[in-house]
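Shown next, in structure tokens, is the structure this report addresses.
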Protein chains: 2
Amino acid sequence: MASADQEKSEHPGFDGARARVRLRVPSVAERVAEELRYQLAEGFLVPGAKLTEATIAEDLGVSRNTVREAFAELAGERLLIRQPNKGVYVATLEAGDIHDVYTVRRAIEVSSIRAGGSPERIAAVRAAVEEGKRAAAADDNEGLGSANQHFHGAIVALAESNRLDTIMAQVLAEMRLYFHKATMNAHFYSDWLTENEQICSALEAGKLERAGDLLLAYLNRSEQQQTAIHGA
Amino acid sequence: MASADQEKSEHPGFDGARARVRLRVPSVAERVAEELRYQLAEGFLVPGAKLTEATIAEDLGVSRNTVREAFAELAGERLLIRQPNKGVYVATLEAGDIHDVYTVRRAIEVSSIRAGGSPERIAAVRAAVEEGKRAAAADDNEGLGSANQHFHGAIVALAESNRLDTIMAQVLAEMRLYFHKATMNAHFYSDWLTENEQICSALEAGKLERAGDLLLAYLNRSEQQQTAIHGA
DNA sequence: TTCGCTGGATTGTTCAACGATCCAGCGATC
DNA sequence: GATCGCTGGATCGTTGAACAATCCAGCGAA
């Protein structure tokens, strides 16, 4: 939600460089949410951990009410779970959640790639592929992960839909939380590097059906792998 | 988000009728959000209207902080828009929003119907079709609208994905807000009644490809109509 | 073992306050 | 007459404190 907003350039350079976006000063609650998002993605907060309002408030030096606002936002993104009168906990993987997440990804990713996209957007997909190659060459495991996320984010971005973009961003945040770096070995990354290349090539060649099929096959296989590692 | 939750029956009737859900007493903030959602769907709050925290708080007899929590929730659902230091406004239709919303619908509805679903879920789709027929016979314009929403909600429910369900619920809430009853005449409803029937029949017959194509065609045409009425 | 009570901890909600920000109005200046 | 700058009022953003409601663990009694 806070990732790919505020880009709304209209008739650039015509009516003068009138500022379109009010310089975006994030509120305190948003910064708290951002900090928590970071700690969730980085693994400092593991699934199931309890977050006490007073503690977080003191740690970050903000009011308890502000922390509550941040909690509400993250709960809306399914990263935290609120149990009334008990507290908020880092979301845990429930039965069927893996299938659920991949169902969403299949819907929006395949639909986006089948519709194609502007040359600029396709170039962004290509850029993510190259980013992955560089990370692989540099043996940068961390970079490999984010490159893959950029790749799939770029695919959804083909559709030029803000709503799909934010949905995808949330799903990716969920996956970062659940399938943390610790749970995925390097081998896990090896195969999709060439597969992303194929998907991108098909996309560039205008073979949208084939690109969609490849992507769908990848998502199905990925779901199987994740299901094998974690519970059903 | 508050619509289709709390249904999690596990091994029913085996270990005894242990209550699975804690009787769900909505918090005050949630009830405020629900009330606002209702007023938005019903048209009491029109797009662009300004909601002042203090006013709402006094009207509903709750604290200003509680209202803020409700605002945050509705802003996350894109029903309200927060302008920092200015106030919250009922969301208005921006350029491209129609296409955006329909892009989401195409992605999740077509994907859901193409994957088919259990007989029970298909029966739910059929039930929505019949509900529409009854409303048409009774000349119930109000009922026609909700029957159509139930139909498309049931299609997404085929996928058995909680996440897709909440996404769809939000999108439908947006559409209720934007394309309010006042803006759509009875003629607008007439054609899709038979079309829903065809889609449902194809689904029941297992002709998933055809059902998907019909649904896609409907969504494209519906987008065109809405675009023609409102701006681009 | 089970039941019921009790105390402590945490959440849910309210209230009051203050600085920050925006907006409309209004006068001054060129 | 149009632009600029100021000022006051309204509203938001955030804080801190307070109190009721709820949950949980522990403990004692039946």
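A note on names: the letters A, B, ... follow the listed sequences, proteins ahead of strands, and every chain is numbered from 1.
- As a whole-Å value, the separation of B:R68 CZ from C:dG12 C1' is 17 Å.
- Distance A:I56 CD1 to C:dT11 C1': 14 Å, rounded to the nearest Å.
- Taking only distance into account, the side chain of B:R64 meets the base of D:dG13 through a donor-acceptor pair shorter than 3.5 Å.
- Rounding to whole angstrom units, CG of residue B:N65 and P of D:dG16 are separated by 13 Å.
- Taking 4.0 Å as the cut-off between side-chain N and carboxylate O, B:R64 and B:E58 do not count as a salt-bridged pair.
- Taking atom CG of residue B:L60 and atom C1' of nucleotide C:dT14, one finds them 15 Å apart after rounding to whole Å.
- The aromatic rings of B:H152 and B:Y218 lie parallel to each other, with less than 30° between the two planes, well short of the 60° mark.
- What separates CG of A:L51 from C1' of C:dA9 is a distance of 16 Å, to the nearest Å.
- Phosphate proximity of D:dT22 to A:K86: absent, as no side-chain N or O sits under 4.0 Å from OP1 or OP2.
- Distance from the side chain of B:S27 is smallest to C:dG12 among C:dT14, C:dG12, D:dC24.
- For A:V28, taking side-chain heavy atoms from C-beta onward, the closest of the listed nucleotides D:dT15, C:dT14, C:dG12 is D:dT15.
- Using a 4.0 Å cut-off, some side-chain N or O of B:T66 falls inside it from OP1 or OP2 of C:dT14.
- Following rounding to the nearest Å, B:E53 (CD) and C:dT14 (C1') show an atom-to-atom distance of 15 Å.
- A distance of 6.0 Å or more separates the ring centres of B:H230 and B:Y178.
- Of the side-chain N and O atoms in A:T52, none sit less than 4.0 angstrom from OP1 or OP2 of C:dA9.
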